[in-house]
Amino acid sequence: MPRADVAFNLLLVLTAALFLYVIYYVFLVAPEAQLAAGGLAQKIFYFHVPAASGMYIGGVICFFGSVAYMLRGTDIRNAVAKAGAEVAVIFGALMLTSGPLWAKKAWGVYWTWDPRLTTTMLTVLIFTAIVMLRTFAGDGEAERKFAAAFGVLGSIIMPIVHYSVQLWSGNHPKVISEGGQGLGDPRMYHALYVAMAAMSLLSLLFVWMRTRLAMTQSRLAHAEERAATAGILEEP
Amino acid sequence: MQDRDVKVSAQPAPKPIDRSTEFVAVEGGVQTTSAGTLLVAAYGVMWALLLLFVFLGWRRQRSLESRLGDLEKALAAATSSSSKG
């Protein structure tokens, strides 16, 4: 078996084991928080915040892939940028769906136009636009370059999202970031850190899977082009 | 405590005429949503989204396999026709 496949399988097993442990720990060991923080619903936090780290990982990978593609356009760089954007969308969607369900209990409303919520939604919409562009606008050189430029733009907004709580205040709590009061129990920290590790590994796993898929797609498209030029295959 | 009990019991039962005859929007209404329901919903949605992502990847792979199959068939046909010729 090639080394890459062994590494991929190891990553898969490690991620699955960590997720099982996280589910056990969050539900059975980590204590409930105070009612003002959502009580039992506060446990959503252990997947909501790690989902944000997954989105950041996808966005950073998209950024470096996009910059690399703009410097020199190769299939692998395009595939990495594309995979990063897709992963940023899925983890952004996780964050945007889990957050409102927790907010309903903690704040009494599903959504409020708080700076962090608004900038997060904007980021997810930008990454969704990149994925839509790559899916429906074709896979030509111009489309790839445009998507890469869009990817850089989408990733640049991420630090604004991260620091928006400090910059503009708002409803969104700052518990573990600068100025926050922290988590009141060591088991809460443990649950959060292990969940962040699990979600980060999952995001890397997804980036790897999608990059390989995009590379296979590119290689097949090239092979089809060559076959069509040689008259073996009809033009797609 | 006793005074409050007295006050509560002293409230007259609302007559039909005093009851609501229209619905008015209230800001910051009483929170009744169950935390457990919200927690289960959040986890359910999370796993559904992750599975959807994996499913979409699997479907894309199926489409690539189908295109690869067509290419292999075309290559096999071209090879056999050139060997006959």
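As the structure is a prediction and not an experimental result, all values here were calculated from the model. Protein chains get the first letters and strands the later ones, always in sequence-line order, with residue 1 at the start of each.
Closest approach of A/Ile232 and B/Ala74 over heavy atoms only: CG2-O, 3.4 Å. Nearest heavy-atom pair across A/Arg210 and B/Gly57 is NH2-N, 3.1 Å. The two residues A/Ala41 and B/Ala35 have their closest heavy-atom pair at N-CB, 3.6 Å. In terms of heavy atoms, A/Ala223 sits closest to B/Leu71 at CB-CD2, 3.8 Å. A/Ile44 and B/Leu39 make their closest contact through CG1-CD1, 3.6 Å (heavy atoms, listed as atom of the first residue, atom of the second, distance).
For B/Ala78, the part lying under 4.5 angstrom from a heavy atom of chain A is the side chain only. In this structure, the portions of B/Leu56 lying under 4.5 Å from any heavy atom of chain A include both its backbone and its side chain. A/Ala221 touches chain B through backbone and side chain together, each having a heavy atom under 4.5 Å away. At a 4.5 Å heavy-atom cutoff, A/Gln42 makes no contact with chain B through either its backbone or its side chain. Using a 4.5 Å cut-off between heavy atoms, A/Met95 does not touch chain B at all.
Here the straight-line distance linking atom NZ of A/Lys43 with atom CG of B/Leu38 works out to 15.0 Å at 0.5 Å rounding. Atom CE of B/Met46 and atom CG of A/Leu94 lie 6.5 Å apart (nearest 0.5 Å). Between A/Ser98 atom OG and B/Leu49 atom CG the span is 9.5 Å, to the nearest 0.5 Å.
Side chains of B/Val54 and A/Phe206 form a contact here, defined as non-hydrogen atoms less than 4.5 Å apart. A 4.5 Å side-chain heavy-atom check between B/Gln61 and A/Leu213 finds at least one atom pair inside the cut-off. With contacts defined as side-chain heavy-atom distances shorter than 4.5 Å, the pair A/Thr216/B/Leu68 does not qualify.
The ring of B/Trp47 has its center no closer than 6.0 angstrom to the ring center of A/Phe47. Aromatic ring centres of A/Phe91 and B/Phe53 lie farther apart than the 6.0 Å criterion allows.
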Going through the checks in order, is the ring-ring contact (aromatic ring centres under 6.0 Å, His included) test met by B/Tyr43 and A/Tyr46? CA-CA 11 Å; B/Tyr43 281 99; A/Tyr46 302 114; 9.3 Å; no

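For CZ of A/Phe27, the number of neighbouring non-hydrogen atoms (other residues, nucleotides, ligands) closer than 6.0 Å is greater than 12.
In terms of heavy-atom pairs under 4.5 Å with chain B, the best-connected choice from A/Val87, A/Thr97, A/Val89, A/Leu220 is A/Leu220. Considering only heavy-atom pairs separated by less than 4.5 Å from chain A, the leading option among B/Leu75, B/Leu50, B/Val40, B/Val45 is B/Leu50.
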